[in-house]
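Below you'll find the structure, written out as structure tokens, and then a few comments.
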Amino acid sequence: MPGVEFFGAEEQKEVNDVMQTGILFRYNHDQQRQGIWKAREFEAEVCRFTGAKYAHAVSSGSTAVATALAAAGVGAGDEVIVPPFTYVASVEAVLFVGGIPVFAEIDETLCLSAEGIRKALTPKTKAILMVHMCGGMADMDGIMQIVKEKNLVLVEDAGQAYGASYKGTKVGLFGKTGCYSFDFFKIATAGEGGVLVTNDEQAYKHADSYSDHGHDHVGNNRGMEQHPIIGFNYRISELHAAVGVAQARRVPEVIRLNRKNKTLFASLLSDIPGVSFSKLADPEGDSATFLNILLPDTDSAKEVVRLMNEKGIAGFNYWYINMYHFINQWDHIKTLKSAAKLPIHLLGQSQDYTKLDLPKSQEVIGRLISFVVRCTWKEEEVRELATRVRSCIEEALTKVHA
Ligand SMILES: *Cc1c(COP(=O)(O)O)cnc(C)c1O
């Protein structure tokens, strides 16, 4: 959790700027705010760092995904290919904009694969919601080929991959729209917040209006603004944006430290027979927030997890059964339980979510144990942790494969 590992005077200074004027609203009040525009600064920093032409900050990564879908023109009745391994917000966002999620296979990149996407295509497929998982990136060449070939809309949920890139382009910028989360658990945090990015002016304008009741934000009199489209309130506050901008500026240094620690951690485990790591489609573009260890099979992974828990080793995620990021834990999604009717209840599903057949995804996530890489680790700490993890892996592999 690098974001919260570095927290100090810079964040306080940005917040204090806002507190001094008392203007917590991101728009208008031009006189009283004395030139303090934190949401704008946050967006400018994201543009500068990612190379995006436009960025728009909103209240969360989740509302950023919904905004990214809507701004890309994905809505009611549109089939959207989604992965079964993601933070559940990606799937919720598709449902809330009225789309029909269609689950496809991931592979060892931990992201949707070109092969998985091809198998899930139907004549009704409108879009792919590409989620870049665990700080890494999808294998974009193959995916872009399908997008072009089938004329699909690509939207990227890079919620946990701010700073990751593929062949020199930041993830989030391959699609019509993309987005990042700045919640409390990401590489940089705003407390709560998300940022949408795009190189498409029309998509940016729609995102800007969609996330603020349709306002066009032209002029400095909010009451007299035009409303080109229907929107809602997904605004970020100036206080959150203030924290976000200070944190976003730290990301290059966080990535540098993450990479150093991850490389050492991985090198201390890589010679164990049967152990491998998730595939980085572009190793140079890793944000290195996780070390993703792949065991030979689910039984060995479960045994490693049991041993690590027994020995008090912390800081890892076993998504297959323990975490809220894999479809096996999403009974409410599979049965479409909701407080009130959703568009999908009227439009119908394209897949029976209780009978999905995703053997590759089950196999990969069953074998996966992800360690959160801390950028503040000292070398001795990495060495000690690796030694302890190594002994659990060796003990588990001897036992399971005896
Ligand atoms: C964290 C995350 C989100 C949601 O972000 P919030 O800011 O928590 O709403 C969406 N998608 C992915 C892939 C995430 O990791």
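For this chain, numbers begin at 1 and follow the sequence in order. Indexing begins at 1, ligand by ligand and atom by atom, following the structure's order. As the structure is a prediction and not an experimental result, all values here were calculated from the model.
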Can an N or O of [X] be found at a distance shorter than 3.5 Å from an N or O of ligand 1?
X    : value
E192 : no
S181 : yes
Q160 : yes
V131 : no

Discussion item. Other residues, nucleotides and ligands only: do more than 12 of their heavy atoms fall within 6.0 Å of NZ on K360?
Written reply: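 Yes, NZ of K360 has more than 12 neighbouring heavy atoms, counting only those of other groups under 6.0 Å.
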Discussion item. For F96, I'd like to know if atom CZ has over 12 heavy atoms of other residues, nucleotides or ligands within 6.0 Å.
Written reply: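 Atom CZ in F96 is not packed in, count stays at 12 or less.
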Practice prompt. Run the salt-bridge test on D331 and K337 with the 4.0 Å N-O cut-off and return the result as yes or no.
Written response: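 No.
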Discussion item. With ring pair (Phe, Tyr, Trp, His ring centres under 6.0 Å) as the test, pick out the partner of H217 among Y204, Y27, Y210.
Written reply: Y27
Which residue and atom name correspond to the protein heavy atom nearest [atom], and how close is it?
atom                   : answer
atom 3 (C) of ligand 1 : Y87 CD2, 3.8 Å
atom 9 (O) of ligand 1 : S62 OG, 2.5 Å
atom 8 (O) of ligand 1 : D183 OD2, 2.6 Å

Fill in: Close side-chain approach of I293 and L368, heavy atoms under 4.5 Å
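Counting from C-beta outward, I293 and L368 never come under 4.5 Å.
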Worksheet item: Under 3.5 Å, is there a donor-acceptor pair between the side chain of Y320 and the main chain of V364?
Response: no
Discussion item. When you measure from the side chain of R235 to the backbone of A57, do you find a donor-acceptor pair of N or O atoms at a distance under 3.5 Å?
Written reply: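 No, because the side chain of R235 does not come within donor-acceptor range (under 3.5 Å) of the backbone of A57.
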Discussion item. Within the 4.0 Å heavy-atom shell around D157, which atoms of ligand 1 are there?
Written reply: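 So the answer, numbered in order with elements, is 10 (C), 11 (N), 12 (C), 13 (C).
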Discussion item. Measuring from atom 2 (C) of ligand 1, which candidate in E156, K186, M133 has the nearest non-hydrogen atom?
Written reply: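 The option holding the nearest heavy atom is K186.
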